[in-house]
Amino acid sequence: MAAAISDVEADDEMIKAAPSRDTIQRIIKTPTLPARQGDVVALVAILTRMAGGEAEQAAQRAGHLWLNARLERPVGQPTRELDPIDLEVHRAIDVDEIPASGHPRLPTYVGRPHDRVLSLAVQKASKGESQLVMLVGGSSTGKTRACWEAVQQLPETWRLWHPIDPERPGAALADLPQVTPHTVVWLNESHHYLFTQERAIGEKVAAGLRELLRDPARAPVLVLGTIWPEYRNKLMAEPTPGGFDPHAQARALLSGHEVTVPAAFDEAALHDLAAAARTDSRLAYARERAEEGHITQYLAGAPELVARFEAAPPAARSLVLVAMDARRAGHGLDLPHAFLAGACEGYFTDQEWDLLAENWLEEAFAYASSPVRGARGMLTRRRPRRGEPAVEGPVYRLADYLEQHGRQTRRTRRIPSSLWVSALHNPLSGPALARFARSCGLLRVAFHLEQQASLSGIDKAALHAGDLLREAGRETEALAWYQRASQEGDGQAAMQAGLLLWRQGRISDALSWYHRAAVNGMALTARSEAWRMLRSSGRKYLAEDWMGPSKTAPEEKATEFAIAGRERPQRNLLPEQVEKMLTEGRTEEALKFLRATMTEIPSVFRRGAVTLKRHGLFDEAVRWYELAFAAGDIGSAWRAGRTLREQGRDDQAIEWYQRGAYAGDRTALQRVAYLMRDRGRLDEAVKWAQRSADTGDEDALELAVELLLLQGRPDDAAQLLAYGWDLDGTIAVPWSADEEI
C-alpha cells in the first residue's frame, strides 16, 4: 500500500502530506481513532485519487468524520466537576475541637517555589503551548495538592483525564491517541505508568506522551505528574556505554521538566503558613506539632499512621509488617487478604501466637484499616471499580507513607519464611517477588514463583526460570525451560537455548534454535551469534550462509574513559567560614559556629568530614561522621568505617560497619562481610554474607560460595551455588521443579 502511494506523482500537495509507511499500517490495522486528522485526510485523498474518484471531496468528508469522532467522546471530565480526593489528593487531618463537617474539603493552600513553575506552565498552556511538569518528592510532600491547585487556574473549558481503568499503564496506552486539545493529563504517581514491570510498556507510554506534547494538532495539553525520587533516579540513570538503555523514552520525556518538591517548608513558606493558620485550625494544629517544617506530611496524618503502627496490637502489627516486607520485595500495590493472613504467622513471637483470641484476624484487619484522623488507615481495602477484572477475595493497599517507613526501617531485616510460603500458595505478582527471592539466594522459592507465573501466562516467566537454573549451573534443566519459553514465541529464550546447545557441542541443534530466534524477532542477533559460532568452530562456509560472504564479523563497540590523572572537581558545599576553619584545623570553632548559625543538618556534618579528610585530619573526620550518624544519617557509619580502614584500623572499621548495619544500612552490611573475609574471620564472614543476602544483595551468594571454598568446603560451595539457601537459613538440599515447598 505504502509503496503504491509512493509511485504517485510527488508534486501533488496531498501526496506530499502522505503519512509514513508505519502510520499507514497503523491507521488501517488499528481500531482506535488515528491521532492526527491530517494523516487520515491525506491517506483518503491518495486512495481516492488512485481509484479514480474525486479526491478533494473525499478528503473533506474524511476530515469531518474524523472531527465528529473526536468530538463524540473526548477523554476526561470538565475540571470543575472533579473531586480532588478522587484524584488522590490526600485527605487532611481532622482537628478534634472542630468536626470535619465544619471544614472545607482541603486546608488553606500555602504556595511554595514549585508552585511558581506550575503557574507558569498553566499560563503557557492557556495560551496554546503544550506543557509537561513532573513534581519529584517523597510521600505526602504536597505534590498532588500542588497539581490540583495549578489545575484550578485553567479556563473552565479544560478537561482532565486520569487514566486508571483497568490498570494505569494500559489505560494510558489505550486512550492517549484520543486526547484532544485543552486536556490535562493527570499522571499522579507516574512510576506506575513509566516504571512498569514490563519495561516495554512504560517506554510505550513515555513515547506516546512525547508524541502528544509535540503534536500541534492536539495542542494545547498540560501533562502533570508526580513521582518519588527513587523511581525518578532509576528512570533517569544513564546506561553504561554501549549497553542496553531500558528507559530511553522516559528519560527523554522527563529531561528538563522535573521540579523538586522539598519535604519541608522553607522559611518563606512557614511565614505564609503562620498567616494562613489564623483562619484554618488544621494548619494551626500542624504548625504547632510538625517537626522540621514537615507540614504536609503532618496534615496527611503520616505521624499518626506511624504512631498507630507502633502502638498496634501484635496481630494488626503483623499484617502491616507483612505488607511492608511484601512491597519492598516487589509485590504489587494490591495485597490479597488471603496472602496477608497466610504470611503473618511468622511475624509473631511464640508467646504472642499462643495468646491470640479466636477472632484475632478479623480484629487485626479492623484495626489496621481504621481511618486515621479522617485519612486512610494503615491498610485500605480497595474496592474494584466497574469494568475492572474480578478479584477473588478482598485486596488491601498499604499507606504509602508507611511503605516508605518500612523501606527505611526494615531494609536489612530478613523476610520471614511464612511470607514466601504464603506467596507460593496465593497467586500474585510472582515475577517481581521471584527476582527478590533470587537476589536473596532463595533459589528454590524464586524458581517456584517463576513457575507459578509461567502457568498463569505471565510473559517472560519461563525465560526467567531458565535463567535462574542456568546461573546456578543446572544447564540441562535450564534448556527445557528455554525451549518451553521459545515455543511460546520468546526469541530471547531461543537464543539462550541455542547457546547452551552449542556449548554442549550440538551445533546442528543450536542452529535450529537460532533460526527460531530469528523468526521470533531477533534476526540480527541470531545471525550474528550463529556467524560467530560457525566461524570459531571452523565452519566458514556455513557462516557465509548466515551472514553472506561479503559480511565481516560484527565489530565490538567499546568506549574507553580516560580518567587517569583526573579527579572530579570538589564542590564547596559548606559555608565559606566553616570551610576555612576546617582547612586550618579549627574543628571545634567550626562546630561551634555551625551550631550557633544552623540546625544540626546531617549532610553538613558529612560534608565537613569530607573536607577534614581532604586535609589529612582523619580522626576529626570520623568524629564528624559520628555527628552526622547521630543526627540520623545512617550512611555515615560505613563512611566512618571506610575512613578507618584506609588508615589500617580494621577493628574499629568493623565496629562502624556493624553499627551502620544494625541501624539498617545495606552498604555497611555488605562491607562487614568483605572485611571479615579480608581479616580471615571466615565463619563470621559467611554469616554476614547471608545477612547481606537477606536484604536482596545479589552478590552475597557468590561471596558465600567463595568463603566456603576458602574454608575448604568445596561440596558445600557447589551445593549452595546450585540450590541456594533454604528458608531456615541452611544450604538447600538438591531440589527439583516437581517438588513443592
Is the closest side-chain heavy-atom distance between Leu187 and Pro163 below 4.5 Å? yes
If we only count heavy atoms from C-beta on, is the Leu333 to Arg327 side-chain gap below 4.5 Å? yes
Whether Asp280 side chain and Thr108 backbone form a donor-acceptor pair below 3.5 Å: yes
Indicate every side-chain donor-acceptor pair of residues 227-234 with a distance under 3.5 Å to a residue at least two apart or in another chain.
residue: Arg232; atom: NE; partner: Glu258; partner atom: OE1; Å: 2.3
residue: Arg232; atom: NH2; partner: Glu258; partner atom: OE1; Å: 3.1
residue: Asn233; atom: ND2; partner: Pro229; partner atom: O; Å: 3.3

Within the distance-only criterion (no hydrogens, no angle test), does the side chain of Asn359 pair as donor or acceptor with the backbone N or O of Glu362 below 3.5 angstrom? no
Once the angle between the rings of Trp688 and Tyr662 is folded into 0 to 90°, is it parallel (under 30°), tilted (30 to 60°) or perpendicular (over 60°)? tilted
When you measure from the centre of the six-membered ring of Phe309, is the NZ or CZ of Arg317 under 6.0 Å away and within 45° of the axis? yes
Donor-acceptor pair, side chain of Lys143 and main chain of Leu135, under 3.5 angstrom: no
Salt bridge between Arg251 and Asp245, side-chain N to carboxylate O under 4.0 Å? yes
Taking every non-hydrogen atom, the tightest pair across Ile295 and Ala290: CD1-CB, 3.8 Å
Would you say that Pro314 contacts Gln351 through its side chain, given a criterion of any heavy-atom pair below 4.5 Å between the two side chains? no
Side-chain heavy atoms of Leu669 within contact of Trp638, under 4.5 Å: no
Is there a side-chain contact between Thr144 and His90 (heavy atoms, below 4.5 Å)? no
Trp656 versus Tyr625: any side-chain heavy-atom pair under 4.5 Å? no
For Ala269, does its backbone N or O pair with a side-chain atom of Asp266 as donor and acceptor, under 3.5 Å? yes
For a 4.5 angstrom cut-off between non-hydrogen side-chain atoms, does Ser692 reach Val672? no
Would you verify whether the NZ or CZ of Arg145 falls within 45 degrees of the ring axis of Trp148 while also being under 6.0 Å from that six-membered ring's centre? no
I'd like to know if the side chain of Asp726 reaches the main chain of Asp728, judged simply by a donor and an acceptor atom lying under 3.5 Å from each other, with no hydrogens or angles considered. no
Are the side chain of Arg671 and the backbone N or O of Ala668 linked by a donor-acceptor pair below 3.5 Å? no
Using a 3.5 Å distance criterion without hydrogens, assess whether the side chain of Thr296 forms a donor-acceptor pair with backbone atoms of Ser140. yes
Check whether any side-chain heavy atom of Val151 lies under 4.5 Å from a side-chain heavy atom of Trp186, and answer yes or no. yes
Would you call Arg666-Asp697 a salt bridge at under 4.0 Å N-O? no
How about Arg407: does its CZ atom have over 12 heavy atoms from other parts shown lying under 6.0 Å from it? yes
As a quick check of understanding, evaluate side chain to side chain contact (heavy atoms under 4.5 Å, CB included) for Met324 and His405, giving each step before the final call. CA-CA 8 Å; Met324 287 179 174; His405 181 73; 4.1 Å; yes
Considering only NZ, NE, NH1 and NH2 on the basic side and carboxylate oxygens on the acidic side, decide whether Arg168 and Glu88 come within less than 4.0 Å. yes
Of Phe348, Phe365, Tyr367, which meets ring-ring contact (aromatic ring centres under 6.0 Å, His included) against Trp360? Phe348
Stepwise, does the side chain to side chain contact (heavy atoms under 4.5 Å, CB included) test hold for Leu132 with Val185? CA-CA 9 Å; Leu132 162 66; Val185 180; over 6 Å; no
Short side-chain to backbone donor-acceptor contact, Tyr396 and Ser369, under 3.5 Å: no
For the backbone of Ala248 and the side chain of Glu203, can you confirm whether one donor and one acceptor N or O come within less than 3.5 Å of each other? yes
Compare every heavy atom of Ala700 with every heavy atom of Trp725, then report the nearest pair and how far apart it is. CH2-O, 4.4 Å
Go through Leu194 and Leu253 one step at a time and tell me if the side chain to side chain contact (heavy atoms under 4.5 Å, CB included) criterion holds. CA-CA 10 Å; Leu194 304 177; Leu253 173 72; 4.3 Å; yes
Are the side chain of Ser422 and the backbone N or O of Ser418 linked by a donor-acceptor pair below 3.5 Å? no
